[in-house]
Amino acid sequence: MARIARRRFLQSSLAAGTALSLQWTVGTRDAHAARGGQLAKYLEPVPRPGAGIVVAAPSGANQYSFTQREISRRLHPDLPPTPFWAYDDGSGLADQAGSFGMAVVAHTGIPLSVRFTHALPDTYPDWLPVDTRLTPLGNQVRLMTHLHGGFVAADSDGNPAVTPFGFGRGETQTVLYTNSAPQMPASLLWFHDHGLGTTRLNVFAGLAAAYIVRDQFDTGTEPNPIGIPGGAYEIPLVVQDRQFNADGTFRYPRSDIEGATWIGEYFGSVMLVNGKVWPFLDVEPRMYRLRILNGCNARILNLDIGGVTFWQIGAEGGLFDVPVPVKEMVLAPAERADVIVDFSKFAGDTLVMKNHRPPKPVSTPGPSLESVMQIRVGTTATHVGPTTIPATLPGRKADLHNPVVTRYITLNEIDPEEVEWFLNLNGVHFDEGPATEKPKVSAVEDWVYINLTGDTHPMHLHLVTFQVVGRTPFDAEAFEAAHPGPNGVPGGIDPTPFATGPMLPPAPEERGFKDTVKVNPGYFTTIRAKFELPTGVSAPQTYVHHCHIVEHEDNDMMRPFVVMP
Ligand SMILES: [Cu+2]
């Protein structure tokens, strides 16, 4: 029987809000009962690389060997220790303070060979509710690590189109990360699990880590040729929302729909920064470089520090050509912002990093969660460091030309709040038929993501970084009425006849290369990429593109694409 596509924004916003907030209300109440909502804020420092975050030690020349295993840490003084899953570099992780605790430092041009060995349980524990309708092997823990932002061969990508079963307990995934220029310049990438149908659970459980690429300019030390803060004045900040059970375990709600376990989006009631609940950050009154990653499952962040200007110097695809002042830092899951913040005028002050509701046309059902962390500004700078924002940077403006193909990709949501509820690209499931997006190697292509749902979806492509070309308002309802399908609008149809205005240019902070883009409702979003392959890797090579709301990715807003000869 044909399913009927319905868009949440066609329902009354009240009805949609009620349906979504129902699970949340249950979660909030439980979380409060578990003291989640009452945990005192700003008691512990933010873990930092070398001080609570383990900087991974290589296992040989340009090689790393990680074991995925369970550890537990106290993420807040008033919580019992929380068991979670971690990448162990062989150190035993004694120096890891929170639930986010690993950073690999790579260098452009130097490939790394990396091994990941599964030493987690065979089957999922109770605190990770598997929906076996979505998994290839029931409730078996199947792992697969993906380097998000990596320019690698398909068999090193950790992608479920190549390895749908992932890796079982005792098995080892071996990959080669090229770190080649210019595709992997100095940047903040991250590696995280990508198990088919369980990415949301495996990432939630803790399988996520930072991957920092350096080059001859972005050395990470101070002074450096760029004239930006470095050393102790460069701080990665990974923001993740969580709920807790009374026993200290992470809480991931089950669906209240009969026959379903999967939920549409996970939203937490407390915020973790670098794996600690509502921590504080001591800074000196001077300039800092903050490298922010939205590591939430589904929450779109809109961060501010009391109106302090963020000078954004880079995003997912590395440094920009010039800094951009940003007042509202809106980051969807997997997006990164590399920013310089000047605390010199705040000596002795206590600031709070807050999270606000994202501005329209970004749309998310996430309930409010305002506090992120406290920033305590000291009275003396031990090193003055840079005092001006550099006028130029050694990075890139995304400026690709002459696309040879334009592809039209629809985002659909089917039967929300019912047991059959799922999301999709192009009206088909992830594994329903062969790939339809098949760019020729080294071709420049425009991909148009047509949002027929009520919410923003952060779309992520493996292999490439891309240029955001723009967003065009359109009549989604009329487009859908003109091109109905059993599971939403099929792909391949140009929505331009349904445009209701001109294409809007990308935001100033979208000037660089990106690997994740906010695809907002009411618009179709055009990106442009060059589909190169690493040296020595021959086409065809298979990758995936998907929504990085990991609940959506798991069910089933993901499709393969193939780079062709
Ligand atoms: Cu999505």
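Heavy-atom basis, side chains included; hydrogens, waters and symmetry copies ignored. Just so you know, ligand 1 is whichever comes first in the structure, and atom 1 is the first atom listed for that ligand. Counting from 1, the numbers follow the sequence of the chain as shown.
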- Message: Ring centroids only, cut at 6.0 angstrom: are Phe524 and Phe479 within range, meaning strictly under it?
- Response: no

- Query: Does Phe165 have Arg142 sitting over its ring (NZ/CZ under 6.0 Å from centre, angle to axis within 45°)?
  - Reply: no

- Task: Look at the aromatic rings of His460 and His146 and report parallel, tilted or perpendicular, splitting at 30° and 60°.
- Result: tilted

- Item | Atom of His457 nearest the Cu ion (ligand 1) (restricted to N/O/S, atom name only) | ND1

- Using a cut-off of 6.0 Å, state whether more than 12 heavy atoms not belonging to Asp399 lie near its atom CG. yes

- Item | Heteroatom N/O/S of His548 within less than 2.8 Å of the Cu ion (ligand 1) | no

- Of all N, O or S atoms in His552, the one closest to the Cu ion (ligand 1) is ND1

